[in-house]
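Take a look at the structure set out below.
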Protein chains: 2
Amino acid sequence: MTRTSITPSGITPSGITPSDDAAPAAEGRPFSQILDRLRGAGLRPTRQRMALAKLLFDGGDRHLTAEMLHADAQSANVRVSLATVYNTLHQFHRAGLLREIVVDSQRTYFDTNMSDHHHFYFDETGELSDIPGDQVEVAALPPVPDGMAVSRVDVVVRVRPADA
Amino acid sequence: MTRTSITPSGITPSGITPSDDAAPAAEGRPFSQILDRLRGAGLRPTRQRMALAKLLFDGGDRHLTAEMLHADAQSANVRVSLATVYNTLHQFHRAGLLREIVVDSQRTYFDTNMSDHHHFYFDETGELSDIPGDQVEVAALPPVPDGMAVSRVDVVVRVRPADA
DNA sequence: CATCAGATTAAAATAATTCTAAACTTGACA
DNA sequence: TGTCAAGTTTAGAATTATTTTAATCTGATG
Ligand SMILES: [Mn+2]
Ligand SMILES: [Mn+2]
Ligand SMILES: [Zn+2]
Ligand SMILES: [Zn+2]
C-alpha cells in the first residue's frame, strides 16, 4: 500500500471563484462577470446561458439537479426549456464551471462549488452539504491499478436522522 | 472539527462471509448454505431466490447491476424475470446480504462483499474493484449536523487510463 | 444587413426501474 | 396428503430522468 496522499478532485478550474470581489453577492449584479466567465469557457453568451449562469453562480454555493434549476428559472421568469437546462449544465460541467456529484443513482446533482471538498448527504431529503477539503483526510490509498490515474477521490458521508 | 475516526459502512452483516468454509468456491455446491442464508434472512427459499443467491454468492466478491445478474441467470439456464431480479436484489439488500453502491447516476450496482471497504471506479468501463477497508483512512471528519447520525462513509476513487 | 454555425426547443425516444394485477408456489395445518 | 392463505413471480404497462431529433431561431462576423 502506497502512502501517497491524493488530493480529491483532480482537475481544478482556472482559479476562478464564484464571487471573487469585495461586495457580497447581491441581486442586480453587473452581467460583465458572468459574461466573462462564459467567454473564458469558450461558450457563446446566449440569453439562456446568461440567465442560467446568473441563477447558478450569483447565490453562493449550490447543489442542484436539472429539474431544480429549471424550476428556479421559471420562478425568475426566465423562459428556458428543460432540454436547454440539461445541455447547459453539461456544457458548464465540461467547461470546468460545475462539478457533477454522484450520490443518488436516480438523479444527477451539479455543484457550483469547484473547490476541493466532500459532502454530507441527507438520504431522507436528498440534500447535500459541503465538507471543506481540509476537513477530511484520505490518508492512505492502495496503489492505483497499472496504467490508471486517479481522476478524483470522492468522500460521501451519508447521514440520517439520529434515532433511539 | 471533531477528530472522530468514523468507520465506513455502519451496518455490518451478522458475521456471515460468502465462502466461510475450507474448500474454495466450486461449481456444484450443496444448497444448504444458501438455504440457511435465506432462512436466516427471513426470506422464503423459492426456486428463483435460490438460483440468484447461488449466482451471487458462489463466486467470490462481485459488483453487478440487475441487468448483469439477469444475463448471468440466462446463461446459467435459470429462468427469472427481470422484475424478480430487481425484487430479489432489493430484498437481499434490505436483509443485509448485499450492499448498494452509488458510483454512476445511471445504474445501480450491488456488491456481494459486505465487509468494510471502498472502491476504485473505472469510469470508462463502468467496472468496480474493492479497496479493503484498512487500506483507506478517512482520518478527520467535521461534526455531523445536529440530530443526524452517520449511516455510512463511502470513498470512491475514480480512475481512468493514464495518458500523456 | 446577410449569412450560417451554433443554440434552443417541442416532442419523440431511450433506459433504468417500479408498479399492477393476475397466475403461481410455498409452508402450514387439518 | 389435500387445502388454503400468504407470499412470490411475472408480463406488461407505467414512471422518471435524461437524451435525441429535427425544425426553428440567434449571435457573431464581414
Ligand atoms: Mn453527464
Ligand atoms: Mn434501491
Ligand atoms: Zn459541494
Ligand atoms: Zn465492493
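Within every chain, numbering begins at 1; the chains are lettered A, B, ... in the order of the sequence lines, protein sequences first and strands thereafter.
Look at A:Tyr86 and you won't find any side-chain N or O under 4.0 angstrom from OP1 or OP2 of D:dT19. Between B:Thr84 and the phosphate of D:dT9, there is no side-chain N or O to OP1/OP2 separation shorter than 4.0 Å.
Atom CD of A:Gln91 and atom C1' of C:dT8 are 10 Å apart (whole Å). Atom CE of B:Met68 and atom C1' of C:dA15 are 14 Å apart (whole Å). Atom P of nucleotide C:dA11 and atom CG of A:Leu82 are separated by 14 Å, given to the nearest angstrom. Rounded to whole angstrom, the span from the CD atom of B:Gln106 across to the P atom of C:dT17 amounts to 9 Å. As rounded to whole Å, 15 Å separates atom P of D:dA17 from atom CG of A:Leu69. Between the P atom of D:dT18 and the CD atom of A:Glu67 lies a distance of 8 Å, rounded to the nearest Å. Atom NE2 in B:His93 sits roughly 12 Å away from atom P in C:dT18 (whole-Å rounding). Straight-line distance from the CZ atom of B:Arg107 to the C1' atom of C:dT18: 17 Å, rounded to whole Å.
The A:His90 side chain lies nearest to D:dT19 when the options are D:dT18, C:dT9, D:dT19.
No donor-acceptor contact under 3.5 angstrom links the side chains of A:Ser105 and B:Ser105, judged on distance only. Under 3.5 Å, the side chains of A:His63 and A:Asp130 contain a donor-acceptor pair of N or O atoms. B:Glu127 and B:Thr125 form a side-chain donor-acceptor contact under 3.5 Å, judged by distance and modelled atom types alone. Side-chain contact annotation: B:His118 with B:Asp154, donor-acceptor N/O pair under 3.5 Å absent. B:Asp111 and B:His117 share a donor-acceptor pair across their side chains, judged by distance under 3.5 Å alone.
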Next on the checklist: Please encode protein proximity along nucleotides 21-30 of chain D as a string of B, S and -, counting only heavy-atom distances under 4.0 Å.
Outcome noted: ------BS--
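Comparing B:Asn87 and B:Ser105 by the nucleotide of DNA chain D whose heavy atom lies nearest to each, the residue mapping closer to the 5' end is B:Asn87.
With A:Phe120 as the aromatic partner, A:Arg158 does not meet the cation-pi criteria of under 6.0 angstrom to the ring centre and within 45 degrees of the ring axis.
The distance between the ring centers of B:Tyr109 and B:His119 does not fall below 6.0 angstrom.
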